[in-house]
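Small disclaimer: the values here were computed from a predicted structure and weren't measured.
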Amino acid sequence: MQIDYSNNHILERIKRPGSARQLAVFRILLGLQIFYSASSELLNLLQVVNGTEKPTIFPQFMDNLIAEFSVPYLQVITQVLSVFLILGLFGRLVKPLLFTSFLLLFSFWYSHFDAPVPWLYLWFPLLILMFARSEDVLSLDKYFGFIKTESEYKNTYRWPVELVSGWFVYIYVAAGLAKIIPLYKGVSWLDGGTSQGIIYDRFLNSIWFYVFKEPVFDFTTNGWLFASLSIGSLLIELFCIIIFFTNKFNILVIFLIVSMHFFLYLAGVPGFMQTALVLSVCLLPIKYFEKKIR
């Protein structure tokens, strides 16, 4: 298979026609994920336990104000607005409001629970949707005639999808580089010690524990296996950069990333696979959504 990288890189693809249905499906799934995340009991738990107290993009007084008084209200507001996003109702008004409430609510989550879920995955795609025509189909705005589907720009539905694809690349390539830079971290990661520690420490929370009731092998030995898992995850993450140059391998990238997260889910590390699947909608070929693009 011969691939013409010069005409299939992301800067070229972004100019092409896109699928209104693909963008609408992404909008719906993003709204569902935001509603699910905003309904998490972890938000209630973090209000009564000490967290990491990590600084956010907001001034300290805002972080304190959100933590002390605003979380329950922000939860409800974010849930309600996410339902409007799913339904595609009053999209032009709802999306900026949802973006604001999402940032405020999940800044609290991130400051008390230092992990990139779902803050990192979702804020930029939500920002992109603010400027995208994601309600042109599969929406109540369209049903009630509040908007018109016709657009003078041929790439109206393509550029948001490609930007989200680029965000997908950023997340995983940055995660891969963070494992090996600086060099001493790379040596520590590639020898498998970190992977071994994750699987060992989380065993009681893993699916394996509930199925087998005991380790399937000795987690304190077999260092070569953990080193192989570490190297494999690094290669998968770095491989995502191919999306910038061609979309011919997008299905393979989705399969590898979801497989990696499914393994982590079995090992007791949940939360990543859902958000990865939501963003993966933007990696799918347009033919899955449109029979013909003129």
Side-chain angles (χ1 to χ4, degrees), residues 26 29-30 32-33 36-37 40-42 109-110 113-122 125 164-181 185-244 247-284 288:
F26 176 67
L29 293 179
L30 184 63
L32 288 169
Q33 179 60 48
Y36 173 81
S37 298
S40 174
E41 289 298 323
L42 182 59
W109 178 319
Y110 179 72
F113 183 66
D114 184 7
V117 181
W119 168 276
L120 175 61
Y121 280 81
L122 304 183
V164 174
S165 299
W167 185 248
F168 184 97
V169 175
Y170 162 73
I171 289 172
Y172 287 102
V173 173
L177 293 177
K179 291 179 174 64
I180 57 176
I181 298 174
K185 288 180 62 178
V187 173
S188 176
W189 173 262
L190 295 177
D191 70 5
T194 302
S195 298
Q196 186 174 20
I198 291 173
I199 293 176
Y200 181 87
D201 294 337
R202 293 179 177 263
F203 176 69
L204 295 180
N205 297 319
S206 70
I207 302 298
W208 295 332
F209 173 74
Y210 288 98
V211 174
F212 301 109
K213 304 301 180 183
E214 60 183 22
V216 293
F217 59 89
D218 188 354
F219 290 162
T220 63
T221 60
N222 298 293
W224 64 270
L225 176 59
F226 296 106
S228 299
L229 291 173
S230 296
I231 295 171
S233 66
L234 174 65
L235 293 177
I236 289 173
E237 289 172 336
L238 295 181
F239 180 66
C240 291
I241 201 169
I242 193 68
I243 294 171
F244 278 150
N247 58 2
K248 298 296 184 181
F249 301 102
N250 282 11
I251 298 299
L252 175 60
V253 169
I254 294 172
F255 172 77
L256 292 173
I257 290 293
V258 172
S259 298
M260 180 179 70
H261 285 317
F262 183 70
F263 176 84
L264 289 172
Y265 174 76
L266 294 178
V269 186
F272 291 88
M273 189 165 67
Q274 286 177 222
T275 47
L277 283 170
V278 171
L279 298 193
S280 293
V281 171
C282 293
L283 303 182
L284 294 174
Y288 292 168

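Here the CG atom belonging to Leu283 is positioned 11.5 Å from the CG atom belonging to Leu252, to the nearest 0.5 angstrom. We find the OH-CG distance between Tyr210 and Leu204 to be 8.5 Å, quoted to the nearest 0.5 Å. Separation of atoms OH (Tyr121) and CD (Gln274) is listed at 11.5 Å; rounding is to 0.5 Å. Atom CG of Leu277 and atom CD1 of Ile254 lie 8.5 Å apart (nearest 0.5 Å). The CZ atom of Phe262 lies 8.5 Å from the CD1 atom of Ile207; values are rounded to the nearest 0.5 Å. Once rounded to the nearest 0.5 Å, the distance linking CG of Leu177 with CG of Leu234 reads 8.5 Å.
Not counting sequence neighbours, the partners of Tyr170 by the ring-ring contact (aromatic ring centres under 6.0 Å, His included) test are Trp167. With sequence neighbours excluded, the residues forming a ring-ring contact (aromatic ring centres under 6.0 Å, His included) with Phe168 are Tyr172, listed by chain and number. Partners of Tyr36 under the ring-ring contact (aromatic ring centres under 6.0 Å, His included) rule, at least two apart in sequence or in another chain, do not exist in this structure.
The side chain to side chain contact (heavy atoms under 4.5 Å, CB included) test with Ile242 is passed by exactly one of Val253, Asn247, Val173: Val253.
Closest approach of Ala227 to Leu190, counting heavy atoms only: CB-O, 3.6 Å. The nearest pair of heavy atoms linking Ile199 to Ala267 is CG1-CB, 4.3 Å. Closest approach of Cys282 to Ser165, counting heavy atoms only: O-OG, 3.1 Å. Closest of all the heavy-atom pairs between Ala276 and His261 is CB-CD2, 3.7 Å. Smallest separation of non-hydrogen atoms from Ser233 and Met260: CB-SD, 3.8 Å.
Using a 4.5 Å heavy-atom cutoff, the side chains of Val281 and Leu30 are not in contact. Annotation: side chain of Cys240 is in contact with side chain of Ile257 (closest heavy-atom distance under 4.5 Å). Put simply, the side chain of Phe272 does not reach to within 4.5 Å of the side chain of Ile171, judged on heavy atoms. The closest side-chain heavy-atom distance from Ile243 to Phe249 is not below 4.5 Å.
A donor-acceptor pair is defined here as one N or O able to donate and one able to accept, closer than 3.5 Å; no such pair exists between the side chain of Ser40 and the backbone of Ser37.
For Phe239, the CZ atom counts as densely surrounded, since its 6.0 Å shell holds more than 12 non-hydrogen atoms of other residues, nucleotides or ligands.
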